[in-house]
Amino acid sequence: MRVSQFFLSTHRETPAEAEVVSHRLMLRAGLIRSLARGIYTWMPLGLRVLRKVEAVVREEMNAAGAIELVMPAVQPAELWQESGRWEEYGPELLRFKDRHQRDFCFGPTHEEVVSDIVRQEVKSYRQLPLNLYQIQTKFRDEIRPRFGVMRAREFVMKDAYSFHADPASLDETYRAMIQCYSRIFTRLGLKFRAVAADTGAIGGTGSHEFHVLADSGEDAIAFCPDSDYAANVELAEALAPAGPRGKAGAALARVHTPGVRTIAELSAFLKIAPERTVKAVVLDGADGRPVLLMVRGDHEANLTKAAKLEQVKKPVAFAAVDTLRSLFGAGPGSLGPVGFKGVVIADRAVAVMSDFVAGANQDDHHYTGVNIGRDFPEPVVADVRNVVAGDASPDGKGRLEILRGIEVGHVFQLRTKYSRALDLSFLDEAGKSRVMEMGCYGIGVTRIVAAAIEQNHDARGIIFPRAMAPFELALVPIGAGKNAAVRTAAETLHRDLSAAGIDVLFDDRDERPGVAFADMELIGIPHRLVVGERGLKAGEVEYQGRRDARARNLPLPDAVKYVKSMVCEN
RNA sequence: CGGGGUGUAGCGCAGCCUGGUAGCGCACUGCGUUCGGGACGCAGGUGUCGGAGGUUCAAAUCCUCUCACCCCGACCA
């Protein structure tokens with residue numbers, strides 16, 4: 001490919017709108033252009049990257065026995081009403097009407113459609129198991145799209161759905177998909193981690209997420225360096241502290257704490273450690289009355305865990321502030337369990353505390369010397385906090401560490417959640433009708449590109465892993481406009497490299513060298529060959545890898561072979 | 001949804017406070033010189049100043065409404 005015939009659109013200046021590095025680089029390099037909030041055009045250069053990611057995903061999915069199809073992006077409301085998700089899915093589901101006033105949505109996922117296909121086509125155990133997948137544009141009307149294509153509303157996803165006669169078969173495919181995903185992310189050259197995950201809105205039983213490790217990741221993942229334990233912090237269990245609850249030593253005392261709202265302020269005001277305080281979070285309860293959740297001051301409440309408690313209303317929501325006033329007689333920042341008549345849920349770490357500090361349910365006041373049992377009734381004890389680094393690993397094999405990650409893949413054992421709702425049945429060997437087991441497996445194809453850049457860049461720009469680079473090699477002639485020998489050598493190399501199967505971008509613009517180098521580095525091409533008058537006189541060209549500190553000279557006749565070996569090497 | 005911010009040329013920005021009819025850098029076009037790390041000179045084109053309404057002799061500038069985009073928060077309780 002010649003740059004003169006390619007729609008390269010790099011920018012020297014960083015667009016003001018972008019915050020994270022991958023978004024900035026994607027805009028500067030001309031991979032994407034924003035059309036509306038969370039909606040992007042994939043420019044020719046970006047599309048090449050996307051296609052390469054897709055190719056790896058497709059190859060591995062096919063190799064794992066999945067079968068590709070493409071389902072409609074626009075889906076009728078009836079199917080979603082049948083599964084119950086027309087109501088359940090909420091405002092993330094983009095809905096609209098056709099000219100006949102019939103309701104439709106733009107598919108955020110395809111359980112309904114794929115199930116409709118399978119229930120019509122599959123009647124016998126002989127047709128199972130079946131694993132169908134597609135690579136397709138999805139739309140989710142996110143609350144807050146951000147970070148470019150990392151959390152876009154419109155994005156490309158690989159979604160696969162498997163159907164089984166029994167749980168053992170589901171389990172087999174589920175494991176195969178985990179292996180398949182590991183191969184995909186390995187081939188794409190990403191540092192990643194598979195972790196146990198919460199099943200979230202999709203529902204079902206077992207679930208694993210695949211995270212690309214990056215400090216800018218939106219998710220926190222907990223892992224144990226001494227074992228293979230790894231889980232999303234949303235899920236990772238915080239074990240109960242080893243010791244028993246301390247004895248009550250101090251008397252309950254009401255303290256005036258003017259202006260104190262946060263734990264940090266409270267801790268500073270009273271000159272005590274945050275772990276001696278308790279923070280209160282009030283959620284809507286299942287019975288309509290609010291529920292008070294207590295976590296230690298230095299801990300964070302985990303609403304994913306809280307949402308699983310029977311006392312808590314689903315979906316989990318904070319109680320309205322005016323409810324707090326009428327119920328507690330105080331606003332946020334001064335709430336506590338003493339005197340509260342409703343359900344109190346204490347985190348396991350709180351359950352062993354004594355003589356602690358909590359809100360007094362009076363504005364600008366806290367209690368010190370609070371003790372469970374003495375000052376308020378024994379609460380429900382549950383794991384409702386996020387684990388922190390240093391916590392004991394739930395598998396008992398060491399201490400947890402926390403890393404940040406970008407979720408790029410997610411696999412679920414759906415079991416029969418959708419197959420029951422959508423009546424997916426088949427006849428088994430005995431001629432008996434049974435409900436199919438289901439699994440689903442997603443990969444954020446567009447998100448992978450952003451995640452890869454987040455993980456692989458430097459001050460000059462993107463450093464694409466080989467498997468997803470838009471081109472393998474940049475061929476840069478210097479002074480081709482005035483030097484026929486350079487021109488001829490570059491043209492010959494371009495032809496020979498292409499013939500050797502190398503995906504080469506030939507910078508035939510006759511720009512100044514600095515411009516060409518800067519562009520090729522910005523767009524992240526892994527290898528570069530420079531043809532200049534100086535080297536050519538000595539019969540040499542220069543090779544430099546994108547991560548190399550300096551170039552090395554090669555005899556011109558060896559160039560193609562050398563490049564070939566470098567391209568295949570990493 | 002709550003809070004904050006920004007909308008002026010393709011991109012990055014100044015001008016707004018104190019109203020007088022729009023500017024800088026990059027990019028772009030032409031010519032010339034340059035040519036191994038984002039060149040230089042000369043000449044040029046480019047704007048409904050996000051939109052609507054209002055105040056005024058006069059609005060990018062003041063007022064009202066509105067739209068778009070960005071950031072933070074939604075774990076303050």
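Keep in mind that what you see is a predicted model, and the values were worked out from it rather than measured. Proteins come first, then strands; the chains are lettered A, B, ... in the order of their sequence lines, and each starts at number 1. As a basis for the values below, the full set of heavy atoms in this structure was taken, side chains included, without hydrogen atoms, waters or symmetry mates.
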> If we take the C1' atom in both B/A68 and B/C24, what is their distance in whole Å?
Replying inline: 26 Å
> What interatomic distance, in whole Å, is found between C1' of B/A59 and the corresponding atom of B/C17?
Replying inline: 15 Å
> Touch check for A/Asp510, heavy atoms < 4.0 angstrom, all strands: base, sugar-phosphate only, or nothing?
Replying inline: nothing
> Whom does B/A68 pair with, Watson-Crick or G-U wobble, provided both distances fall under 3.5 Å?
Replying inline: B/U6
> With no hydrogens and no angle check, do the side chains of A/His457 and A/Ser22 hold a donor and an acceptor under 3.5 Å apart?
Replying inline: no
> So what does A/Val515 hit on the nucleic acid, given a heavy-atom distance under 4.0 Å: a base, only sugar-phosphate, or nothing?
Replying inline: base
>> Does the structure show a Watson-Crick or G-U wobble partner for B/U55, both distances under 3.5 Å? Name it, or say none.
In response: none
> Paired with B/G19 by Watson-Crick or G-U wobble geometry, both distances under 3.5 Å: which nucleotide is it?
Replying inline: none
>> Rounding to an integer number of angstrom, what distance separates B/G36 and B/A43 when you compare their P atoms?
In response: 28 Å
> On a whole-Å scale, what distance lies between the C1' atoms belonging to B/C65 and B/G30?
Replying inline: 47 Å
> Step by step, would you call A/Ser207 with A/His410 a side-chain hydrogen bond (donor to acceptor under 3.5 Å, both in side chains)?
Replying inline: CA-CA 7 Å; A/Ser207 170; A/His410 204 157; 2.6 Å; yes
>> For B/A14, give the paired nucleotide (Watson-Crick: N1-N3 plus N6-O4 or O6-N4; G-U: N1-O2 and O6-N3; both under 3.5 Å), or none.
In response: none
> Rounded to whole angstrom units, what separation is found between the CD1 atom of A/Ile143 and the P atom of B/A74?
Replying inline: 12 Å
>> Assuming nearest nucleotide by heavy-atom distance, tell me which of A/Lys279 and A/Arg146 is located more 5' along RNA chain B.
In response: A/Arg146
> Watson-Crick or G-U wobble partner for B/C42, using a 3.5 Å limit on both distances?
Replying inline: B/G30
>> Suppose you measure atom P in B/C13 against the same atom in B/C35; what distance do you get, rounded to whole Å?
In response: 35 Å
> With a 4.0 Å cut-off, would you call A/Arg2 and A/Glu491 a salt bridge?
Replying inline: yes
>> Tell me whether A/Arg546 contacts the main-chain N or O of A/Ile525 through its side chain, where contact means a donor paired with an acceptor under 3.5 Å.
In response: no
>> Please determine whether a side-chain nitrogen or oxygen atom of A/Arg144 lies at a distance below 4.0 Å from atom OP1 or OP2 of B/C72.
In response: yes
>> Need the pair for B/C1. Rule: Watson-Crick or G-U wobble, both distances under 3.5 Å, any strand; none if unpaired.
In response: B/G73
Find every protein N or O atom lying less than 3.5 Å from an N or O atom of nucleotides 10-13 of chain B, and list the pairs.
| from | atom 1 | to | atom 2 | distance (Å) |
| --- | --- | --- | --- | --- |
| B/C11 | O2 | A/Glu13 | OE1 | 3.3 |
| B/G12 | OP1 | A/Ala16 | N | 3.2 |

>> Taking 4.0 Å as the cut-off, does a side-chain nitrogen or oxygen of A/Arg37 come that near to OP1 or OP2 on B/C70?
In response: yes
>> In this structure, how many angstroms lie between the P atom of B/C40 and the CD atom of A/Glu511, rounded?
In response: 13 Å
>> Distance check, P atoms only: B/C26 and B/G38, in whole angstrom units.
In response: 15 Å
>> Within the 4.0 Å heavy-atom criterion, would you say A/Arg296 contacts the bases, only the backbone, or no part of the nucleic acid?
In response: nothing
> Between B/G37, B/G38, B/G36, which nucleotide gets closest to the side-chain atoms of A/Arg528?
Replying inline: B/G37
>> For the backbone of A/Ala238 and the side chain of A/Arg348, can you confirm whether one donor and one acceptor N or O come within less than 3.5 Å of each other?
In response: yes
>> Closest-nucleotide mapping onto RNA chain B: is A/Leu335 or A/Arg12 further toward the 5' terminus? I mean the 5' end.
In response: A/Arg12
> Roughly how many Å is it from NZ in A/Lys482 to P in B/U34, rounded to a whole number?
Replying inline: 9 Å
